Amino acid sequence: MSLLKGKKVLLGVTGSIAAYKSAFVVRELVKAGADVQVICTPSALQFVTTLTLGTLSKHPVLDALVKDKDSGVWTNHVELGLWADLFLIAPASANTIAKMAHGEADNLLLTTYLSARCLVYFAPAMDHDMHEHPANQLNIETLINRGNIHIPSESGELASGLEGKGRMAEPEHIIDFLESHLAAALPLREMKVMVTAGPTYEPIDPVRFIGNHSSGKMGFALAERAFALGAHVTLITGPTHLKAPAGVNVVHVNTAAEMLSAAERVFHESNIAIFSAAVADYRPAKVATQKLKKEEQVSVVALEKTVDILHTLGHAKDKQLVVGFALETEHEEENARKKLERKNADLMVLNSLRDAGAGFGDDTNKVTLLTRNKTVPLKLMSKAETAAGVLDFIIDEFL
């Protein structure tokens, strides 16, 4: 899954013959899942049409500070700057680069640039001698020193017919650059994360089983968030009806024994292991090969303990950060802290069934994060927001 998926992208197009390539940039951004808003300078429209860019981006192209001078309707460049997750200026002409470097604001693109709080990328496009001129190089260096990200020009045949450096980077190279730069900034980049999720089903006979009400939503949200933060994620899940998160390696299991076996194969290569599954504590000591008949008034099923996966792997850890979940109904923090110690975990995520909106199957959760010396309660949030809170705490506290 592309790191640009869901990103709000401003694409600034300036007056360069390379503006025709901006249509391909828009297409690649949209294909990657980005929401693209195009801003053109007046001179850009001499090279490319608003109809082309608007059709590809699925948004009207913005090219003027004042939309309608008769009614006084104007384009709010401040809102645009706040809306964007990233601002890409491609092509960036020598003229626009100079104005950016000197803080000029004589068109919508430049006023939005000065208002933007997001990352700004610029891809220069001009003839070789213009590109190499000391004034232009100084302007590029000025923008870099201010935190703008330079997508270097490429060499090749130029519009003048000359050969040299100055061509705007090809659209696919620009997308690759954005992806690589975004990936490098992700806090879990190149880390391996294992997440267990959902219930386990312990068979009584071929028809019946012992299980619980876990939906798996919390574990799936954790896996999805860890992937979004750059991790290689393996999600080991019991039976659920949830759709597998994009980009995540999913292993399906049914019983506690199967979950333990799958986790053991992944655990020792993991950097972070999150045990959010609601694993059955007991299983039938003997599984009937045929469906049990209900002829008797009383039927007894003998139970035996399942292997405690968190305890087993918590005491087998080497470099891994181990995160457990504790669902409690009384003396919540006291019991969760005992589990933290007994299972040799580094972090325990405490759920209380007494908290409204924090039970099985809900789309919300309310947890308290416990380490050996900290107690951090989180507010009631969606499970996606809770997952973000848990992983942010892990990054800030342990990495």
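Values in this document were obtained by computation on a predicted structure and should not be read as measured data.
Side chain to side chain, Asn95 and Ser93 fail the donor-acceptor criterion of an N or O pair below 3.5 Å. Between Thr142 and Arg146, the side chains place no donor N or O within less than 3.5 Å of an acceptor N or O (distance only, hydrogens not considered). In summary, the side chains of Tyr121 and His181 do present a donor paired with an acceptor at a separation below 3.5 Å, with no hydrogens or angles considered. Between Tyr201 and Asn212, the side chains place no donor N or O within less than 3.5 Å of an acceptor N or O (distance only, hydrogens not considered).
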Considering only distance and modelled atom types, tabulate donor-acceptor pairs under 3.5 Å from the side chains of residues 159-171, sequence neighbours left out.
| residue | atom | partner | partner atom | Å |
| --- | --- | --- | --- | --- |
| Ser160 | OG | Asp127 | OD1 | 2.6 |
| Ser160 | OG | Leu162 | N | 3.2 |
| Arg167 | NH1 | Glu157 | O | 2.9 |
| Arg167 | NH2 | Glu170 | OE2 | 2.9 |
| Glu170 | OE2 | Lys21 | NZ | 2.9 |

Donor-acceptor pairs under 3.5 angstrom involving side-chain atoms of residues 276-291: please list them, not counting sequence neighbours.
| residue | atom | partner | partner atom | Å |
| --- | --- | --- | --- | --- |
| Ser276 | OG | Thr196 | O | 2.4 |
| Arg283 | NE | Glu304 | OE2 | 3.0 |
| Arg283 | NH2 | Glu304 | OE2 | 3.3 |

Pair up each side-chain donor or acceptor in residues 33-52 with any protein partner under 3.5 Å, not counting sequence neighbours, and list the distances.
| residue | atom | partner | partner atom | Å |
| --- | --- | --- | --- | --- |
| Asp35 | OD1 | His59 | NE2 | 2.6 |
| Gln37 | NE2 | Pro60 | O | 2.9 |
| Thr41 | OG1 | Ser43 | OG | 3.4 |
| Thr41 | OG1 | Ala44 | N | 3.3 |
| Thr49 | OG1 | Thr52 | N | 3.1 |
| Thr49 | OG1 | Thr52 | OG1 | 2.9 |

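In terms of the ring pair (Phe, Tyr, Trp, His ring centres under 6.0 Å) criterion, residue partners of His311 (sequence neighbours excluded) are, by chain and number, His315. Taking the side chain to side chain donor-acceptor pair (under 3.5 Å) definition, one finds that Ser382 meets it with Glu385, sequence neighbours left out. For Lys374, the side chain to side chain donor-acceptor pair (under 3.5 Å) partners two or more places apart in sequence, or in a different chain, are Glu397.
Taking all atoms of both residues into account, the shortest heavy-atom contact from Asn344 to Lys317 is O-NZ, 3.0 Å.
For Gln137 (side chain) and His131 (main-chain N/O), a donor-acceptor pair under 3.5 Å exists by modelled atom type.
Remark: of the listed residues Asn107, Thr96, Asn148, Asn148 is the sole one forming a side chain to side chain donor-acceptor pair (under 3.5 Å) with Tyr113.
At a threshold of 4.5 Å between non-hydrogen side-chain atoms, the residues Phe209 and Glu202 do not count as touching.
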- Query: After noting the C-alpha distance and the side-chain angles of Leu80 and Leu10, does the key distance pass the side chain to side chain contact (heavy atoms under 4.5 Å, CB included) rule?
  - Reply: CA-CA 8 Å; Leu80 283 170; Leu10 282 175; 4.2 Å; yes
